[in-house]
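Note: hydrogens, waters and symmetry copies are ignored here, and every other heavy atom, side chains too, is used. Below, chains carry the letters A, B, ... as their sequence lines are ordered, and counting in each starts from 1. Computed from a prediction, not measured in an experiment: that's the story for all the values here.
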There are 2 protein chains.
Amino acid sequence: MTLTKKATISDVAKLAKVGKTSVSRYLNGEFKVLSEDIQRRIKLAIETLDYKPSRLASGMKKGRTKLIALVFADLSISYAMEIMRGVETACRENDYTLLVFNANNESEQEKKILQLLTSYQVEGVIIQALRTHDHNFYDFNLPMVSIDRAIHGCETDLVHLDNIQATKLAVTHLIENAFEQVLFITEKIEDIQARQQRSETFYQLMQSYPQCKGEIIEVLDISQPQQIDPILQAFYQSGQGKKQAILAVNGVATLNTALALKRLNIEWGRDIGLIGFDDPNWAAVLGDGITTIRQPTLDIGYCAFELLLKRIQGDRSKFKTVLYPGELIVRKSTIL
Amino acid sequence: MTLTKKATISDVAKLAKVGKTSVSRYLNGEFKVLSEDIQRRIKLAIETLDYKPSRLASGMKKGRTKLIALVFADLSISYAMEIMRGVETACRENDYTLLVFNANNESEQEKKILQLLTSYQVEGVIIQALRTHDHNFYDFNLPMVSIDRAIHGCETDLVHLDNIQATKLAVTHLIENAFEQVLFITEKIEDIQARQQRSETFYQLMQSYPQCKGEIIEVLDISQPQQIDPILQAFYQSGQGKKQAILAVNGVATLNTALALKRLNIEWGRDIGLIGFDDPNWAAVLGDGITTIRQPTLDIGYCAFELLLKRIQGDRSKFKTVLYPGELIVRKSTIL
DNA sequence: CTGTTAGCGCCTTCAG
DNA sequence: CTGAAGGCGCTAACAG
C-alpha cells in the first residue's frame, strides 16, 4: 500500500546498510560474492520496501532490455493469434516481454515499427514480413527471425510450415480418394512465400497424376462473393460427373469457399470435396467437418523465439530454416 | 548501413554544433523556441547520423515510456484477439506501444505480470482480470482500465458488453419466435461477471414469460462431451413436442454445444433452436448459420485505450463504466 | 533563443 | 567480499 515514491536501489542499499553495488549484485544473482549476512539484509530490505528493479534503467545500462518484438503483417487472422500464443509462452518462460505490432498490411507502417524497435532497444525481432518489402531491412542491425516468409535481401533465421510436404499431403489424400479434378483456390499470390510454394507444389505434383486434372485460380479478394461464386460455379459445372475437390490455400480461403458453396447450394462432402490449409477451430464443425492440413502454430511461434534467443545470446552460426511438417486432419468433406 | 555505434543525442548535438538541450527540444517538438537555422542543422544531423532517440532514456527521465500493457486472463480465445486488435489500433494512432501478457488462467502468473509492469514503467494497464483475484490489485498505483469484469476491491474504469441488454435481446428474440423451453448453458460461472450477469438476467427475464420455461445449466468443463452430451440429451428428450432452444453463454460454449448436438444427431434450426453470445467468424457457416449476439469487440478495445489515455493524462474524474450494446444477428438456427 | 549543469536508476570498473 | 565513483542517453531546471 505504498503511496510513497517507488523505491530505488539506493533506498534498498540505505535500509540494508550496504552499498548499491551489493544490491545490484544481489539482483543479478551473483550470490557467490556476497556474504550470507548481506544477502539476508538486502532480501529483507527489498521486501519491506516492496522494491522492484527498473528494467528501463538496467536495460539502458547493459543494453539488455529483455524486450522482444513480434511484428505481424496482419494481426486480424487467427493464424497470427496462434503464433503469438506460442511466442508469448516462450517469452514468459524465459523472462522476456513481448511488444506486439501490427503492420496492418501497410508497408509504411511496417517501416515505422522497425524504427520504433530501435527506440525501445528491443533485443530482437520476430517478424512476419509484408511480402518482399520496399524499404531496407538489411541496415537493421538486430537479431531477427522471420516466420512464414523469407525476407528478400536480408538473411535471417526462418521458420514456417513445410509447404511442400504439406501440399503433398493434401494432394496425396485427394488422389487416394480418387478425385479427378481439383481446383486450387488462393488469394492473390503476390510474392507471399507460402502461397507461392503451395500453389507451385500443387502444380508440379498434379503433373504426376494424369488421372487427375489440377487447376489454379488466383482471386484478388477472396471474401468477395462476386469474385468467387462464379468461379466455383463454373468449376462445379465443368465437372460432368467427375469427382471434384477444392483445395483452399489457407484458413480464410477455406472459410470463404465454404460460404460460397453454401450460397451456390453445393454441399461439400457430398457434391464436392473440400480441403484447406490451416486448421481453424471451426473446421471440425462446418458441415460434417472439413479436412485440413494443420500447422503446428504454437510450435512455430515457440521455435521462432528459441532461434531468436540463441541469436541474442550471441549465436553467429549460419542462418537456419526450420520447417515444421503439416498434419492431415481427415474429415468428412473429402470422403464423398 | 551504419555499422558504427548507434548515434546518441550528443552525437547529433556535436555534428549540428548545438547543445544537447536544443536537440532535445527539437525532438520534443518545441519548435517555437528554436531558430530556423538551428532546426535545420539539427534536422540534417539527425538524418545523416540516422539518429533514433532512445525511449528508454527519455522514459526514464520523464517517466513517460509510451508503453501500455494489455493483460489477458486467457489469450487463447478469439475474443481476446479481437479486443487486442482494437487496443493495438488505438495504440498505433496515439504513438503508444503495446506490451501483451497472458495470465494463462493462473493467478500466480497474473501476479507476476503486474510486478513486471512496474519494472517497465508502463504508463497504464488494460486488464481482463482473472475472476476476483486473490492478490492485491489495490496497492497498484497505475492507471488501469478493466475489460469484461470489474475487479473486486479495486475501482477502475470498466468497459464491456451491456450484458443485460444483450441478454434481453436474446430472450426477446426467442420469445418472439415462440420458443417454449430454453436451456441456458454456461461454463462454470465462478465470479466471472459476464457469466453472472447473463445468467441472472436470463433467469429474471424468464419470470415474465410464463409461456416459456427457462433453465440454467452450469457445466464445469464445457469442452468435455461426457459432461455436456447427457445434459443436452436430457433436455431434448424433456421437450415433448415443445419448441426448444439453447442459449450459450459465449463463443466457446456455442461451439461445444454445436459439436455436442452433432454427436447427438440433433439438428439446430430444425430440431432445436440455438443462439449464442459472441459472434465468431464461423457462426455464419455452422449448419445454416447460428444466431448470435455480437459484441463490438474492436470498439471495446479501442474504448478501453481511450479511457486509459485520459487517466494517463491526468483525468481524475469518477470511474466510468462504458457499456456497449450487443447486436442480434439472426440466422437460421433460431428460425425453426 | 541557447547551453550548462544535474541527475533519472542502474551497472561496471576499480580500488579497498 | 565490499563500496565509491562514473556514466548509459536523455531531460529539466537554471542561467546566460
Side-chain angles (χ1 to χ4, degrees), chain A residues 4-43 45-46 49-67 116-123, chain B residues 2 4-43 45-46 49-67 115-123:
Chain A
T4 59
K5 285 292 287 183
K6 256 185 55 183
T8 83
I9 201 173
S10 304
D11 301 327
V12 176
K14 214 168 293 166
L15 184 65
K17 298 197 193 313
V18 297
K20 300 196 293 180
T21 316
S22 295
V23 180
S24 175
R25 287 187 180 120
Y26 179 87
L27 294 174
N28 291 291
E30 300 170 35
F31 300 121
K32 324 142 222 219
V33 272
L34 291 174
S35 69
E36 290 267 314
D37 179 47
I38 276 202
Q39 287 188 40
R40 223 187 316 280
R41 271 148 59 201
I42 293 179
K43 181 153 184 276
I46 287 181
L49 291 174
D50 189 35
Y51 164 72
K52 310 272 184 336
S54 156
R55 293 213 180 189
L56 285 204
S58 84
M60 199 168 122
K61 197 67 213 170
K62 318 198 274 198
R64 314 216 61 217
T65 53
K66 290 288 203 170
L67 245 29
L116 247 193
L117 298 191
T118 78
S119 267
Y120 281 115
Q121 291 195 200
V122 304
E123 295 183 31
Chain B
T2 48
T4 58
K5 285 293 285 185
K6 256 186 54 184
T8 84
I9 201 173
S10 304
D11 300 328
V12 176
K14 213 168 293 167
L15 184 65
K17 298 195 193 312
V18 297
K20 299 195 296 180
T21 316
S22 295
V23 181
S24 175
R25 286 187 180 121
Y26 179 87
L27 294 174
N28 291 292
E30 300 169 36
F31 301 121
K32 323 140 223 224
V33 274
L34 290 175
S35 69
E36 290 267 314
D37 179 47
I38 276 200
Q39 286 188 41
R40 222 186 318 279
R41 271 148 58 201
I42 294 179
K43 181 153 186 276
I46 288 181
L49 291 174
D50 189 32
Y51 165 71
K52 309 270 186 334
S54 155
R55 293 213 181 190
L56 286 204
S58 88
M60 199 167 122
K61 193 70 209 164
K62 317 199 273 195
R64 314 215 63 218
T65 52
K66 290 288 202 172
L67 245 28
Q115 308 247 344
L116 247 193
L117 298 191
T118 77
S119 268
Y120 281 115
Q121 290 194 203
V122 304
E123 295 183 32

### Task
Mind calculating the distance between CG (Leu49(B)) and P (dG9(D)) to the nearest angstrom?
13 Å
#### Entry: Per Leu34(B) side chain, nearest of listed nucleotides dT2(C), dC10(D), dC11(C)
dT2(C)
### Summary
Assign each of Glu30(A) and Gly19(B) the nucleotide of DNA chain C bearing its closest heavy atom; nearer the 5' end lies the nucleotide of Gly19(B)
### Message
Nearest whole Å is fine: how far is dG9(D) C1' from Arg64(A) CZ?
### Response
19 Å
#### Entry: Considering all heavy atoms, the nearest Ser22(B)-Leu34(B) contact
O-CD1, 3.9 Å
### Task
Mind calculating the distance between NZ (Lys61(B)) and C1' (dT5(C)) to the nearest angstrom?
11 Å
### Message
Does Val23(A) reach a base, just sugar-phosphate, or nothing at all? Heavy atoms under 4.0 Å.
### Response
nothing
### Query
Does a side-chain N or O from Ser22(B) land closer than 4.0 Å to OP1 or OP2 of dG3(C), or not?
yes
### Query
What is the nucleic acid contact for Phe31(A), judged by heavy atoms within less than 4.0 Å: base, sugar-phosphate only, or nothing?
nothing
#### Entry: Protein-nucleotide distance (Asn28(B), atom CG; dT11(D), atom P), rounded to Å
5 Å
### Summary
Nearest heavy-atom approach of Thr65(B) to Gln121(B) is OG1-O, 2.7 Å
### Task
For Asp11(A) and dG9(C), give me the distance from atom CG to atom P, rounded to whole Å.
8 Å
### Nearest-neighbour nucleotide for the Ile9(B) side chain, dG3(D), dC10(D), dA12(D) considered
dC10(D)
### Query
How many Å lie between NZ on Lys52(B) and P on dC8(D), as a whole number?
20 Å
### Query
Taking only N and O in the side chain of Ser24(A), is any of them less than 4.0 Å away from OP1 or OP2 of dC11(C)?
yes
### Query
Is it the case that more than 12 heavy atoms not belonging to Lys14(A) sit under 6.0 Å from its NZ atom?
no
#### Entry: DNA chain C: 5'-proximal contact among Gln121(B) and Arg25(B) (nearest heavy atom)
Arg25(B)
#### Entry: Side chain to side chain, Thr21(A) and Arg25(A), heavy atoms closer than 4.5 Å
yes
#### Entry: Val12(B), Ile42(B), Ile9(B) screened by side chain to side chain contact (heavy atoms under 4.5 Å, CB included) with Leu27(B), the one that passes
Ile9(B)
#### Entry: Under 3.5 Å donor-acceptor pair, Arg55(A) side-chain atoms to dG9(C) base atoms
no
### Task
Indicate yes or no: at least one non-hydrogen side-chain atom of Thr8(B) is less than 4.5 angstrom from one of Lys6(B).
no
### Query
How far apart are the closest heavy atoms of Met60(B) and Leu56(A), and which atoms are they?
N-CD1, 4.1 Å
### Distance in angstrom units between Glu36(A) CD and dC1(D) C1', rounded
13 Å
### Message
As a check on the pairing definition, encode DNA chain D in dot-bracket form, counting Watson-Crick and G-U wobble pairs whose two distances are under 3.5 Å, and using | for partners outside this strand.
### Response
|||||||||||.||||
### Message
By the 4.0 Å heavy-atom rule, please label Leu56(A) as base, sugar-phosphate, or nothing.
### Response
nothing
#### Entry: Integer-rounded Å distance: dC10(C) C1' and Lys66(A) NZ
16 Å
### Query
Taking only N and O in the side chain of Tyr26(B), is any of them less than 4.0 Å away from OP1 or OP2 of dT11(D)?
no
### Message
Would the base of dG9(C) count as contacting Lys20(A) through its side chain, where contact means a donor and an acceptor less than 3.5 Å apart?
### Response
no
### Summary
Picking from dT11(D), dG3(C), dG7(D), the nucleotide nearest the side-chain atoms of Thr21(B) would be dG3(C)
### Message
Less than 4.0 angstrom between a side-chain N/O of Ser35(A) and OP1 or OP2 of dT2(D), yes or no?
### Response
yes
#### Entry: Nearest listed nucleotide, side chain of Tyr51(B), among dC10(D), dG9(C), dC10(C)
dC10(D)
### Message
Working note: Leu116(A) + Lys66(B), criterion side-chain contact (heavy atoms from CB on, under 4.5 Å); need CA distance, chi angles, decisive distance, verdict.
### Response
CA-CA 11 Å; Leu116(A) 247 193; Lys66(B) 290 288 202 172; over 6 Å; no
#### Entry: side-chain N/O Tyr120(A) vs dG9(D) OP1/OP2, d < 4.0 Å
no
### Query
Taking C-beta and beyond as the side chain, do Asp11(B) and Tyr51(B) meet within less than 4.5 Å on heavy atoms?
no
